[in-house]
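Fair warning: this is a prediction, and the values are worked out from it, not measured in the lab. Hydrogens, waters and symmetry mates are skipped; everything else that's a heavy atom, side chains included, is used.
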Amino acid sequence: MTLASSQTLVLLMLTTTLLLLPANGNPQVPCYFIFGDSLMDNGNNNHLLTQAKVNFPPYGIDFPDGPTGRFSNGRNTADVIAQLLGFDDFIPPFATAKDMEIVTGVNYASGAAGIRAETAQHLGARISLDNQIKNHWITILRPTYLIGKGSLFETKKYLNKCIYTVGMGNNDYLNNYFLPTYYNTSSVYTPEQYAEALVKQYSQQLQVLYKSGARMFGIFAAGYSGCTPGIMTEFGMNSCVDSVNSAITLFNSRLSATLDDLNNKLLDAKFILLDTSLDYPNDMNVTDRPCCRASSTSGKGQCAPNEVPCSNRENYYFWDAFHPTERINVIAGKRAYETLSSFYSSKAIALSNDKETGYISDA
């Protein structure tokens, strides 16, 4: 490495550190709860019998603790949001969260999880959204004695002040609707009908979270998976697969309308749609292939274990065949944090719209 490149690396690390430090030393909300799939999973699948598991190198190559179960080379989007909110530590996964850790939030996300219970069952165990919500109910019974003085009512008052982000729907397409070998949904539903059925079930699930005390919701739109290297390979194309993206567009459109309905129905709650379409920086010039070599034996589109990935990861959009690099996660996390700004009291968002926070992990 040259002196100039070394100085650039140090500058990136310092910039990331400064921009991710909390403004006043205290979190801007008391707690943060995370529901989702592999884009948010930080270790809940590690001990499950599943192909959707990444607790091995080269995953985590840029993360301080190495391969933790995050489907990335470093932080995921939820990690970045937590840092920007001012939490001292990353939100712990439900699988290992203990004692007072749960007071500041829990991450329930699970790789391959879907809105529908059967989604991705061909990959093995995973924690569907229904089961993630059940795990949340288990969790909030514990802080009843930690923060609620034995009262579930008091606990829910505390949870009213917490941010909840939910990102689901990706696998209901990738590992369900567009896998007719394993699932019959594409023969039962037209794309319009499937989007309608999915969003209806999703709305019911979000209302269950509301009943548990959640009031501040950030709901991620489904990603345009037709542009992932994995889907392009499956469809034998070298460009985005329009049929996949069109189906997901229908889902996102109905999701947006449903969140408007929920805002009108549940007046003491707020549901914010978090856009997942990203404009990537000009210097990110590899957008159609993964940074690591995808395994051909197990784990759909995941990195082959223990192999050396690309060295210029800051130039890659995709880490493996389906999941973005940490640099993209940082950009997405920053955008989500700014979109959620009405949920926390802050004099100003200490970020500039014309700056990135870099891709080097600093936590």
Side-chain angles (χ1 to χ4, degrees), residues 12-37 39-42 62-63 70-72 74-92 104-109 159-168 214-223 252 255-256 259 269-281 284 317 323-363:
L12 273 172
M13 294 177 71
L14 287 174
T15 302
T16 304
T17 302
L18 289 173
L19 289 177
L20 290 183
L21 284 174
N24 56 10
N26 296 313
Q28 293 165 320
V29 290
C31 44
Y32 174 32
F33 292 97
I34 301 153
F35 300 78
D37 51 29
L39 295 175
M40 305 294 169
D41 188 353
N42 64 345
D62 296 311
F63 193 76
R70 289 167 169 83
F71 289 69
S72 173
R75 291 164 290 176
N76 62 32
T77 300
D79 293 326
V80 175
I81 294 171
Q83 286 183 305
L84 292 171
L85 286 171
F87 289 98
D88 292 334
D89 299 306
F90 296 118
I91 304 300
T104 56
V106 176
N107 185 328
Y108 304 96
L159 297 176
N160 289 171
K161 304 172 185 176
C162 305
I163 287 180
Y164 286 67
T165 60
V166 190
M168 300 296 292
R215 292 296 181 271
M216 300 190 296
F217 294 86
I219 310 299
F220 285 94
N252 286 338
L255 177 60
S256 178
L259 296 186
K270 188 171 184 180
F271 296 80
I272 296 176
L273 182 67
L274 302 175
D275 187 14
T276 55
S277 58
L278 289 174
D279 294 324
Y280 49 84
M284 184 169 285
Y317 191 104
H323 305 97
T325 56
E326 182 185 51
R327 187 178 182 192
I328 288 297
N329 290 334
V330 168
I331 297 171
K334 171 194 165 186
R335 176 181 289 186
Y337 168 78
E338 293 175 340
T339 305
L340 295 170
S341 61
S342 61
F343 286 157
Y344 50 82
S345 58
S346 176
K347 293 181 181 179
I349 298 174
L351 292 168
S352 171
N353 287 332
D354 60 359
K355 290 183 180 179
E356 295 174 48
T357 54
Y359 79 101
I360 303 296
S361 284
D362 63 283

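- Looking at Asn160, its side chain never comes within 3.5 Å of a backbone N or O of Arg215 through a donor-acceptor pair.
- Taking the six-membered ring where tryptophan is involved, the planes of Tyr280 and Tyr317 are perpendicular, since the angle between them exceeds 60° and thus also 30°.
- Considering all non-hydrogen atoms of both residues, Met40 and Asn76 come closest at O-ND2, 3.1 Å.
- Of all non-hydrogen atoms in Ile91 and Asn42, the two that sit nearest each other are O-ND2, 2.8 Å.
- Taking all atoms of both residues into account, the shortest heavy-atom contact from Ala78 to Ile34 is CB-CD1, 3.7 Å.
- The distance from atom CG of Asp37 to atom NE2 of His323, rounded to the nearest 0.5 Å, is 7.0 Å.
- Applying the side-chain contact (heavy atoms from CB on, under 4.5 Å) test to Thr104 and every residue at least two apart in sequence or in another chain returns Phe87.
- A salt bridge (charged side-chain N to carboxylate O under 4.0 Å, His left out) with Arg70 holds for exactly one of Asp41, Asp62, Asp79; it is Asp79.
- Separating the OH atom in Tyr164 from the CD1 atom in Ile219 is a distance of 11.5 Å, to the nearest 0.5 Å.
- In this structure, Thr276 contributes its side chain and Ala222 its backbone to a donor-acceptor pair below 3.5 Å.
- Residues satisfying the side chain to side chain donor-acceptor pair (under 3.5 Å) criterion with Tyr108, sequence neighbours excluded, are His136, Thr139.
- Remark: the backbone N or O of Val80 is not paired with any side-chain donor or acceptor of Asn329 at under 3.5 angstrom.
- Aromatic ring pairs are classed by plane angle as parallel below 30°, tilted from 30° to 60° and perpendicular above 60°; the pair Tyr344 and Tyr337 is parallel.
- Between Arg75 and Val330 the shortest heavy-atom distance is NH2-CG2, 3.5 Å.
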What do the steps show when you test Leu340 against Thr165 for side chain to side chain contact (heavy atoms under 4.5 Å, CB included), and what is the final call? CA-CA 10 Å; Leu340 295 170; Thr165 60; 4.1 Å; yes

Between Thr77 and Phe220, is the side chain to side chain contact (heavy atoms under 4.5 Å, CB included) condition met? List the steps. CA-CA 11 Å; Thr77 300; Phe220 285 94; 4.1 Å; yes

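- With a 4.5 Å cut-off on side-chain heavy atoms, Ile331 and Pro281 count as touching.
- Closest heavy-atom contact between Ser342 and Ile272: OG-CD1, 3.7 Å.
- Among residues two or more places apart in sequence or in another chain, the side-chain contact (heavy atoms from CB on, under 4.5 Å) test is passed with Lys161 by Pro30.
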Show, in sequence, the C-alpha distance, side-chain angles and deciding distance for Lys270 and Phe343, and conclude whether the side chain to side chain contact (heavy atoms under 4.5 Å, CB included) test is met. CA-CA 9 Å; Lys270 188 171 184 180; Phe343 286 157; 3.7 Å; yes

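- Scanning all heavy atoms of the two residues, the minimum distance from Gly105 to Pro92 falls at O-CD, 3.5 Å.
- A donor-acceptor contact shorter than 3.5 Å is absent between the side chain of Ser256 and the backbone of Asn252.
- Interatomic distance, Asn26 CG to Asp88 CG, rounded to the nearest 0.5 Å: 8.5 Å.
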Given Phe33 and Leu159, is the side chain to side chain contact (heavy atoms under 4.5 Å, CB included) satisfied, shown in steps? CA-CA 9 Å; Phe33 292 97; Leu159 297 176; 3.6 Å; yes

